[in-house]
2 protein chains.
Amino acid sequence: MQDVARLAGVHPSTASRSLAESPVRISAATVARVRAAARDLGYRPNASAAALRTGSSRLIGVLVHRLTDLALSTMYAGVDAAATAAGYSAVVANGLDDPAVRHERVDALLARGIDGVILADARLDDTVAERLERLGVPYVLAMRTLPGHASVSTNDVEGGRLAARHLLELGHRTAAVAAGDALTSTGRDRTAGFRQAFADAGLPIPDRYVASTGFGVAAGHRAGELICRQGPAPSAVFAVDDLTAVGVIGALRDAGRTVGTDVALVGYNDVELAAELPVPLTSVRSDRDQMGRLAMQLLLDRIAGRPVPSTLLPPLLVPRASTLGASVPGASPPA
Amino acid sequence: MQDVARLAGVHPSTASRSLAESPVRISAATVARVRAAARDLGYRPNASAAALRTGSSRLIGVLVHRLTDLALSTMYAGVDAAATAAGYSAVVANGLDDPAVRHERVDALLARGIDGVILADARLDDTVAERLERLGVPYVLAMRTLPGHASVSTNDVEGGRLAARHLLELGHRTAAVAAGDALTSTGRDRTAGFRQAFADAGLPIPDRYVASTGFGVAAGHRAGELICRQGPAPSAVFAVDDLTAVGVIGALRDAGRTVGTDVALVGYNDVELAAELPVPLTSVRSDRDQMGRLAMQLLLDRIAGRPVPSTLLPPLLVPRASTLGASVPGASPPA
DNA sequence: CGACCCCGATCCACCGCCTCG
DNA sequence: TCGAGGCGGTGGATCGGGGTC
């Protein structure tokens, strides 16, 4: 800054003002001169100094349970894009769904002086959101919701219903659910919407067909195994997450059943690979890029002290061969 | 700090030194008293102030092309674990394989005063690594290599050879390659190792069977389409990345061919979902968690001014049904 | 012609921590 | 163990010069 000021022939504070987004009380000529000098010198403001002085680090924290979850990493891409555009940088922390780890990671973020947090790993049984609230740290939930906290998510109850109606229309009368984690809104709401639609059709789904083994490939495999062990075998399975669905595919395969032929399968999120599987996977699409961008936008609003509303993004069913190709025993095909 | 010092009944500078990792010239009793006071007050040192004063932000940057690449997100998990253990935080930046974007993101990282960079998106045609070198910013390459720069990666030439030998042993005499991005070491080396092994067996692979369409599901689909357009159809395909392999599966399916039955397919990285596909995918395993941890370790060494060696991790072939189940036209099955 | 005002630039104290003397 | 200075920006307070009535 000293150097820039010297080169431009002005006082450092004048240089500082000239470099601000919208310089005030500085002549256009001076601004131009200073900016040219800054460019020539390759000047880069020291973020630590600015943060110390202003009290704002322009750093935000993003808490996820695992970044290897495809749905989360695509959501994060949206956060990153919006954050970068607003001059913020994002620090991601893996919470691993362990309460102790999550609080530790939040501690580390707070010590960094982050301006706000995007909580993408909210759980019904934990207190990270409450703690942020109590500490007065701006935060917004993404992907998962929690009553009383602002969030951006897909309308998961509706998404579950969409999956169910699709299967019902195809003539299915029994279905199982790989329900993810029962302590997350995503697992709970998608499952609830699905079961509700079946119940509304007079075909309630017994609890033993609902396997809450968690999210991810391995968890999906376990869910598939549990479901296969129940008799009689359902003609359809709803997995509340696409990678979980892939695990289900593996377990069904091991049990000698073929998805898309003798079992229908619906996933959730519509990640890119769903369409490329040997039997393309029917999935409920969520707009995760939008979710991430919106979450960042809301966080900026909260940081600015504006009140923020929760937002529900609409889900969209994308039918593919994993349901369209499956036969429905004991039912006539739809018109 | 003032508060902590007051509560402990000492001078702020004494408190500061008591809170240091290994306090010097302070009595044990004082250290204990100060630390107790800090704990009671929930004292959190201001990272910006410390960074400004010491010149070290304890922040590192990680450059990836996309975090939605499963291989990279698992690698990042290793980086994150090692960084956290060492008291560092990682800022991830998506470079999107666009040179301009990458340099911009590096600019942003530098402005943050990051202590070092893990470059996981190195390309043969670009200059980010050179620039970091020139600027004197400590950095280490991960996943991809570049001649003359320290890196941690899988021995990709060997990995390609493993894939080829496996197919050769099964009796395949023709193969195509979904070769990823030709300007990355991962695409280039894996492909080179594979072709070399086929050439060594007297079965060189013509260029038209090598599709360098990039990484990822969509790129894999394009590669599969290109390969299908060539005649005669090869009995095996090697995709240099598992998600790319999934795209290949989709394209082959669209062309009426079935992986594991009439085409053998080998992927790379052995991501978790490979084993769960309807036809489990043979893949060359890379230890990406280890890769990330090691990269962080090497970066810390470089930050400390120690010279660092490049490291090659050994690949491991994991045979599954996508190759074991495929018939080999015109060849007798292996003994 | 003098008093006043306003705009552009400058001065300086300070953010919180670290470390030398 | 204490005291003080300074890391590098920031922004309120202040100053000065030129135009205006």
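Reminder, nothing fancy here: chain letters follow the sequence lines and each chain counts from 1.
- Atom CD1 in A:I26 sits about 8 Å away from atom P in C:dT10, given to the nearest Å.
- Heavy atoms of B:L52 sit under 4.0 angstrom from at least one base atom.
- Remark: the backbone N or O of A:E130 is not paired with any side-chain donor or acceptor of A:T127 at under 3.5 angstrom.
- Taking atom CG on A:D3 and atom P on D:dC7, their separation rounds to 13 Å, with Å as the unit.
- Dashed line: the shortest gap from a side-chain N or O of A:S13 to OP1 or OP2 of D:dT10 is not under 4.0 Å.
- Using a 4.0 Å heavy-atom criterion, one finds that B:P45 contacts the sugar-phosphate atoms exclusively.
- In this structure, the NE2 atom of A:H11 is 16 Å from the P atom of D:dG12, given to the nearest Å.
- Once rounded to the nearest 0.5 Å, the distance linking CG of A:D241 with OG1 of A:T186 reads 8.0 Å.
- A sub-4.0 Å separation between OP1 or OP2 of C:dA9 and a side-chain N or O of A:S27 is present.
- Residue A:T54 places none of its side-chain N or O atoms closer than 4.0 Å to OP1 or OP2 of D:dT10.
- For A:R53 and D:dG8, the CZ to P distance is 16 Å, given to the nearest whole Å.
- The distance between atom CZ of B:R44 and atom P of C:dC15, rounded to the nearest whole Å, is 21 Å.
- Taking atom CZ of A:R25 as the reference point, atom C1' of D:dG16 lies 14 Å away to the nearest angstrom.
- Under 3.5 Å, the side chains of B:R105 and A:T84 contain a donor-acceptor pair of N or O atoms.
- Rounded to whole angstrom, the span from the CZ atom of A:R17 across to the P atom of C:dT10 amounts to 10 Å.
- Under the side-chain contact (heavy atoms from CB on, under 4.5 Å) test applied with B:R6, the options B:V4, B:D3, B:V10 reduce to a single match, B:D3.
- Mapping A:T14 and A:A49 onto DNA chain D by nearest heavy atom places A:A49 at the nucleotide closer to the 5' end.
- B:Y43 has its OH atom 7 Å from the C1' atom of C:dG16, to the nearest Å.
- Paired with A:R288 under the rule side-chain contact (heavy atoms from CB on, under 4.5 Å), one option of A:T154, A:L313, A:N269 passes, and it is A:N269.
- Nucleic acid contact for B:T30: sugar-phosphate only, since backbone atoms but no base atoms lie under 4.0 Å from a heavy atom of the residue.
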